[in-house]
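The basis for the numbers below is simple: all heavy atoms, side chains too, and nothing from hydrogens, waters or symmetry mates. For reference, positions follow the sequence shown, starting with 1. Note that the structure is predicted; figures quoted are calculated from it, not measured.
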Amino acid sequence: MIEENTGIIRLRKKHLPVVDRQPTEDDARRLRAAQSPRNAIMASLIVIILFSVLWSMLSVTFGRIFPWLTLLLGFLIGNAVRRAGLGLDWRFPVLAAAFTVLGSLLANIVVAAAFTAPILETTTLAVLTNLTVMTWPVFFDEVMTPADLVIALFGAGIAAFYANRRLTRAEYLALRTWGEKDDR
């Protein structure tokens, strides 16, 4: 027997509200219990450290500073927070955005130290360990520009966009159903 398909476009229907199995309250509890702000923070710090080192190495190699790489930092932190934190609520995008702005500042400090080290005939690590209170006004006057702040804020927006966990239809239905039971 031939199955009759009367649709004009014979594509798979991905947006039907049907799920394989009805989600339970335990499914929603497991999703909420899997959230970990601590893991998200640790992943963000690791990304910031690795990104700062790679950005400084790339900048010194080419002899140029690439400020738009902060947008890449936002993407990387957002994905790290998503994968490590498994967040479902507002805390994770806020955390990702804050760490992106902080990471942008720290990465700019490392890049400035990498460019300053050859002038002082020392290493980047020596410049970083010898930072004093007198260094900061010079850094913010000569290195940081308003454009760096704007790019960091755009990177923070990118990080916030990518920070929350992507749910399947069944997971979303479980959270929605569980949340409705709590509202009653």
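For the atom pair CZ of R91 and CG of N164, the computed distance is 10.5 Å after rounding to the nearest 0.5 Å. The line from CD1 of I41 to CD1 of I46 is 12.0 Å long, rounded to the nearest 0.5 Å. Taken from CG in N130 to CG in L125, the straight-line distance is 9.5 Å, to the nearest 0.5 Å. How far CG of L73 is from CD1 of I158: 10.0 Å, rounded to the nearest 0.5 Å. Distance check, rounded to the nearest 0.5 Å: OG1 of T70 to CG of L153 gives 10.5 Å. With rounding to the nearest 0.5 angstrom, the CZ atom of R165 is 4.5 Å from the CG atom of L86.
Contact check for N108 versus F139: side-chain heavy atoms found under the 4.5 Å cut-off. Contact annotation: the side chain of F51 never approaches that of V110 to less than 4.5 Å [non-hydrogen atoms, C-beta and beyond]. The closest side-chain heavy-atom distance from N79 to V47 is not below 4.5 Å. Between T132 and T135, some side-chain heavy-atom pair lies under the 4.5 Å cut-off.
R83 CZ: 12 or fewer foreign heavy atoms inside a 6.0 Å radius.
The two residues S44 and L95 come nearest to each other via the heavy atoms OG-CD2, 4.4 Å. In plain terms, the two heavy atoms of A96 and G78 that are nearest each other are CB-CA, 4.5 Å. Considering all non-hydrogen atoms of both residues, A163 and P93 come closest at CB-CA, 3.7 Å. Nearest heavy-atom pair across V101 and A152 is CG2-O, 4.1 Å. In terms of heavy atoms, A174 sits closest to A28 at O-CB, 3.5 Å. Of all heavy-atom pairs spanning S52 and L106, the tightest one is OG-C, 4.2 Å.
V94 and L88 fall into different hydrophobic clusters, where Ile, Leu, Val, Met, Phe, Trp and Tyr are joined by side-chain heavy atoms under 4.5 Å apart, directly or via other members. I48 and L131 fall within the same hydrophobic cluster, defined by Ile, Leu, Val, Met, Phe, Trp and Tyr side-chain heavy atoms under 4.5 Å apart, directly or through other members. M42 and V53 fall into different hydrophobic clusters, where Ile, Leu, Val, Met, Phe, Trp and Tyr side chains are chained together by heavy-atom contacts under 4.5 Å. Residues M57 and F62 are members of separate hydrophobic clusters, defined by side-chain heavy-atom contacts under 4.5 angstrom among Ile, Leu, Val, Met, Phe, Trp and Tyr. One hydrophobic cluster, built from ILVMFWY side chains closer than 4.5 Å, holds both F154 and M144.
Between W68 and F66, the angle of the ring planes goes over 60°, which puts this pair in the perpendicular group of the 30/60° scheme. Relative ring orientation between F140 and W136 is described as tilted, the plane-to-plane angle lying within the 30° to 60° band.
For the residue pair S56/S59, the side-chain donor-acceptor check at 3.5 Å is not satisfied.
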- Start with the C-alpha gap between L58 and L69, add the side-chain angles, then the distance that decides, and say whether side-chain contact (heavy atoms from CB on, under 4.5 Å) holds. CA-CA 10 Å; L58 185 69; L69 281 177; 3.7 Å; yes
- Message: The test is side-chain contact (heavy atoms from CB on, under 4.5 Å); show your working for I65 and F115 and say whether it passes.
- Response: CA-CA 9 Å; I65 297 174; F115 275 99; 3.5 Å; yes
- Step by step, would you call V81 with Y162 a side-chain contact (heavy atoms from CB on, under 4.5 Å)? CA-CA 8 Å; V81 167; Y162 283 105; over 6 Å; no
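Relative to the ring axis of F161, R166 places its NZ or CZ within 45° and under 6.0 Å from the centre.
In this structure, T61 has no side-chain contact (heavy atoms from CB on, under 4.5 Å) partners at least two apart in sequence or on a different chain.
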